Chemist: 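Structure incoming, see below.
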2 protein chains.
Amino acid sequence: MLKTAMFRGLSASDVQKIANCLSIKKEKFNTNETIMSYNGNSTRIGIVVSGSADLVSDSYDGSRTILERYYENTLFGELFAPYTGADDPVVIASSPCEVLMFQSKNLMSPCKHACDFHDIFLTNIIHLLMQKTRLQSQRIEVLSCRSLRAKLMRFFELQAKDAGSNSFILPFSLYALADYLCIDRCAMQREMKKMREDGLIASKDKKIELL
Amino acid sequence: MLKTAMFRGLSASDVQKIANCLSIKKEKFNTNETIMSYNGNSTRIGIVVSGSADLVSDSYDGSRTILERYYENTLFGELFAPYTGADDPVVIASSPCEVLMFQSKNLMSPCKHACDFHDIFLTNIIHLLMQKTRLQSQRIEVLSCRSLRAKLMRFFELQAKDAGSNSFILPFSLYALADYLCIDRCAMQREMKKMREDGLIASKDKKIELL
DNA sequence: AAAAACAAGTTGCATTTGCAACACTTTTGT
DNA sequence: ACAAAAGTGTTGCAAATGCAACTTGTTTTT
């Protein structure tokens, strides 16, 4: 049925039992479709199976902040991120994507007939949560840099590490990158220009190379 | 033996079994003592039982960044936060504190004699991890604000919410607050002065009131 | 095939912020 | 009890950054 890290090490029949037990539903979304709204009392948990999604918050002044970015096997839901701003953050598909969704209470108090595979499933969930905290830590690491240049360099270094190469393609547009780094796009591109002039990077459109 | 959310719902004897199974050790630290260094290959996991600790990164130029702040029942360890900067981040007690520590591999592949209480324990760990992601999300929410004033207001609002009152005492010094918000302390205090003048807040030392 | 929407790139100018250098008070250590 | 260290509060000035207003090129829509 469903190939995802959440079910790693479990047989098809075990997966089926768990899916029934937790009332897991699979849903598909197109780019820019709304997947979930964090309206203050949502208790659903989602996991991205394929594609990607962003948690975004739009301000009245038109600026958009990407609060979190969800890739394959990322857990998401308001329980993980109870933002308190005036505006309700929204999870939006940033590419066509499939997600599994279930109610958190089913995870927290699983059915009584505790079976062997429950341990495996819970351990899988722990792995995914640890992965999530790692990604959040990376985000914090980048945002904690004091200057535009430092933010960009830290982000580029992480991307290069993921790509296993000094050159890579940005995973989003320069507009979205500025939103992700919480900086002004024009200022960002000005700084990238300086970094090119200083011989730190080579870049053209979304292609970046660390020198 | 050990009162912590990690063992919620478990009998003393079950706790003892789990503590043996995972080789959990309890340690005490005084303020400013180093609890753990994230040196690139640390696989220990800690949990704060009492007191608090900070994950800090000191730059060559003398500035210190508080990457994360660990309160009671917060899980920590390099596995959760594989920072890649040149400097090794270090976990330091910010007040006298007690922590439990164990090797992560023991969590991920618990002993073979799978007992009832394993489910409870794993569910507790999941709760703690979710709590951790919530705190990280708050941090990201604050850091994603574009101006000093917005950062301060968002942080103050979160503190007021926690305190259940419009007035509260800051959980750390103004130096540390500036580090936590990743901004210059002097600029921060200048902005707080303006906020006082604008009638947004009243503040004196570490006491803040939202108006 | 034209029009519209989106993305990348650039620059001047005003504002915000960081840095440095202070004074003053409170806490800590011996 | 005294000295040292840490914390709070302030300000001028320089540098970094945001904002607004553009141009150009590339997709997407009609």
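Everything quoted here is computed from the prediction, not taken from an experiment.
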Chemist: Please state how far atom CG in D184(A) lies from atom C1' in dC13(C), giving the value in whole angstrom units.
Modeler: 13 Å
Chemist: Could you check how far CG of N30(B) sits from P of dT28(C), rounded to whole Å?
Modeler: 14 Å
Chemist: Which nucleotide in the set dT11(D), dG9(D), dC13(C) lies at the smallest distance from any side-chain heavy atom of R190(A)?
Modeler: dC13(C)
Chemist: Which nucleotide in the set dA8(C), dT10(C), dG18(C) lies at the smallest distance from any side-chain heavy atom of R196(A)?
Modeler: dT10(C)
Chemist: May I have the distance from L174(A) (atom CG) to dG25(D) (atom P), rounded to whole angstrom?
Modeler: 17 Å
Chemist: E191(B) has a side chain; which of dT8(D), dT17(C), dT10(D) sits nearest to it?
Modeler: dT17(C)
Chemist: Find the distance D205(B):CG to dG9(D):C1' and express it as a whole number of Å.
Modeler: 10 Å
Chemist: I need the CG-C1' distance between N32(A) and dT28(D), as an integer number of Å.
Modeler: 13 Å
Chemist: Give me the ring orientation class for Y70(B) and F76(B): parallel if the planes are under 30° apart, tilted from 30 to 60°, perpendicular past 60°.
Modeler: parallel
Chemist: Taking all non-hydrogen atoms of both residues, which atom of L135(B) and which atom of T74(B) are closest, and how far apart?
Modeler: CD1-OG1, 4.4 Å
Chemist: Nearest-nucleotide wise, let me know which of K193(B) and Y175(B) is further upstream toward the 5' end of DNA chain D.
Modeler: Y175(B)
Chemist: What is the distance, to the nearest angstrom, from the CE atom on M195(A) to the C1' atom on dG9(C)?
Modeler: 16 Å
Chemist: Tell me the interatomic distance from Q189(B), atom CD, to dA21(C), atom P, rounded to whole angstroms.
Modeler: 18 Å
Chemist: Is it true that E68(B) and R139(B) have a side-chain N and a carboxylate O under 4.0 angstrom from each other?
Modeler: no
Chemist: Can you tell me whether the side chain of R185(B) and the base of dG18(C) have a donor-acceptor pair closer than 3.5 Å?
Modeler: no
Chemist: Please name the pair of heavy atoms, one in I18(A) and one in F7(A), separated by the smallest distance, quoted to 0.1 Å.
Modeler: CG2-CE2, 4.1 Å
Chemist: When the distance from CG of L181(A) to P of dT17(D) is rounded to whole Å, what number comes out?
Modeler: 12 Å
